[in-house]
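Start at 1 and go down the list; that is how both ligands and their atoms are numbered.
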Amino acid sequence: MPVSIRQIGPCLAGEVAGIDMRRVLTASEIADIHAGMDKYAVLVFHNQDIDDEQQLAFTRSLGEIELTLNTGLRAESEYRLPPTFADVSNLDKENRPFARDDRRRLFALGNRLWHSDSSFKTTPAKYSLLHARKIPSTGGNTEFADMRAAYDALDDQTKAACEGLVCEHSQIYSRQQIGFFDLTDEERERFRPVRQTLVRTHPVTGRKSLYLSSHAGAIVDWPIPEARAFLRDLIEHATQREFVYSHKWAVGDLVIWDNRQTMHRGRPFPAEEARDVRRTTIAGDGPTALQEAA
Ligand code: OGA
Ligand code: MN
């Protein structure tokens with residue numbers, strides 16, 4: 001069956017028909033998905049009844065997997081999924097929802113802020129693939145904002161102000177914004193900031209985009225309050241509804257997004273209900289900026 005894609009969001013997001021992730025993809029299907037990602041930045045696939053192995057195989061057919069070991073607060077013995085997955089669920093190892101005040105849950109609430117995955121790593125993520133295994137009775141949408149359209153809509157003066165800027169990203173900064181400061185010295189060391197350019201150019205389409213994320217908490221050579229105010233204005237601009245697609249999940253949905261061209265955020269849902277969503281991630285090509293000398 002040929003792959004077809006129908007646009008479902010305002011300027012991003014396509015819904016794909018004709019892919020069955022239980023099968024090995026053909027070269028032409030893989031090419032169609034990459035072309036769809038370049039165009040729509042977010043692709044939605046429905047009714048994909050796949051297990052972890054099939055999600056991994058599908059992910060690997062699109063690129064090299066990024067491991068997500070040691071990026072959260074779960075100890076290795078507390079992992080529910082292998083390190084080839086990011087466990088975006090609210091569940092402990094026994095598949096029970098975390099208690100409301102569990103610090104692993106509170107840290108994970110950082111995903112409710114607009115962000116780009118792994119922008120806190122020197123080589124940040126290319127694609128993220130999120131598969132829904134169990135969803136709550138209400139809420140829990142994931143929203144996506146188009147950073148290409150957001151860039152295009154900036155006035156020339158702001159575009160010029162952004163050009164060449166380098167931001168510092170850390171999970172410490174995103175958690176500070178929601179009042180979560182409860183990190184150990186080891187975690188602070190593990191989460192130390194990395195540098196990312198503020199304007200990115202897509203390697204295939206040549207389109208520029210704003211590389212924003214709530215992990216960004218500083219701009220190199222800028223005073224912190226000025227940097228934070230500037231970044232806050234940009235995020236406010238970039239997440240206006242005209243740039244946003246909101247995904248309402250059904251079990252079996254798999255959504256792929258391009259972290260180089262979009263931001264996303266999770267929306268609230270009842271804390272006592274299980275939301276089992278599992279993310280695999282494709283690594284980016286390399287750093288976006290020179291890092292500070294160690
Ligand atoms: C993610 C993420 C938001 C959500 O998977 O990276 O931020 O809605 N998810 O679960
Ligand atoms: Mn995320």
Return the OG to CG distance between Ser116 and Asp258, rounded to the nearest 0.5 Å. 8.5 Å
From the N, O or S atoms in Asp117, identify the one nearest to the Mn ion (ligand 2). OD1
Let me know which of Arg103, Lys93, Arg104 forms a salt bridge (charged side-chain N to carboxylate O under 4.0 Å, His left out) with Glu78. Arg104
Would you find more than 12 non-hydrogen atoms of other residues, nucleotides or ligands less than 6.0 Å from Asp20 atom CG? yes
Which atoms of ligand 1 have any heavy atom of His264 under 4.0 Å away? 1 (C), 2 (C), 6 (O), 7 (O)
Mark yes or no for whether Gln261, through its side chain, and Ser209, through its backbone, hold a donor-acceptor pair below 3.5 Å. no
Which residue and non-hydrogen atom of the protein lie closest to atom 9 (N) of ligand 1, and at what distance in Å? Val88 CG1, 3.6 Å
Among Phe243, Phe144, Tyr40, Trp257, which one satisfies side-chain contact (heavy atoms from CB on, under 4.5 Å) with Leu12? Phe144
Below 4.0 angstrom from a heavy atom of Thr142, which ligand 1 atoms are there? Numbered from 1 as shown, please. 4 (C), 8 (O)
Ligand 1 atoms nearer than 4.0 angstrom to some heavy atom of Leu130 are 5 (O)
Heavy-atom contacts with Asn111 under 4.0 Å: which atoms of ligand 1 show up? List them by number with element. 7 (O)
Under a 4.0 angstrom heavy-atom cut-off, which atoms of ligand 1 come close to His115? 7 (O)
Is the NZ or CZ atom of Arg80 positioned over Phe85's six-membered ring, under 6.0 angstrom from the centre and within 45° of the axis? no
The answer for which part of Trp257 has a heavy atom under 4.0 Å from ligand 1 is side chain
Does ligand 1 have an atom under 4.0 Å from some heavy atom of Arg267? no
Residue and atom name of the nearest protein heavy atom (relative to atom 6 (O) of ligand 1), distance in Å to one decimal: Arg279 NH1, 2.7 Å
Can you check side-chain contact (heavy atoms from CB on, under 4.5 Å) on Val166 and Leu290, steps first, answer last? CA-CA 9 Å; Val166 174; Leu290 282 176; over 6 Å; no
Show the numbers, then the answer: is there a side chain to side chain donor-acceptor pair (under 3.5 Å) between Asn90 and Arg105? CA-CA 7 Å; Asn90 62 335; Arg105 170 177 183 269; over 6 Å; no
Which residue is it: Asp52, Val88, Leu254? I am looking for the one with a side-chain contact (heavy atoms from CB on, under 4.5 Å) to Arg278. Asp52
Would you mind running through ligand 1 and noting each atom that sits below 4.0 Å from a heavy atom of Asp117? 6 (O)
Consider ligand 1: state whether an atom of it lies below 4.0 angstrom from any non-hydrogen atom of Arg275. yes
Tell me whether Arg265 has any N or O atom under 3.5 angstrom from an N or O of ligand 1. no
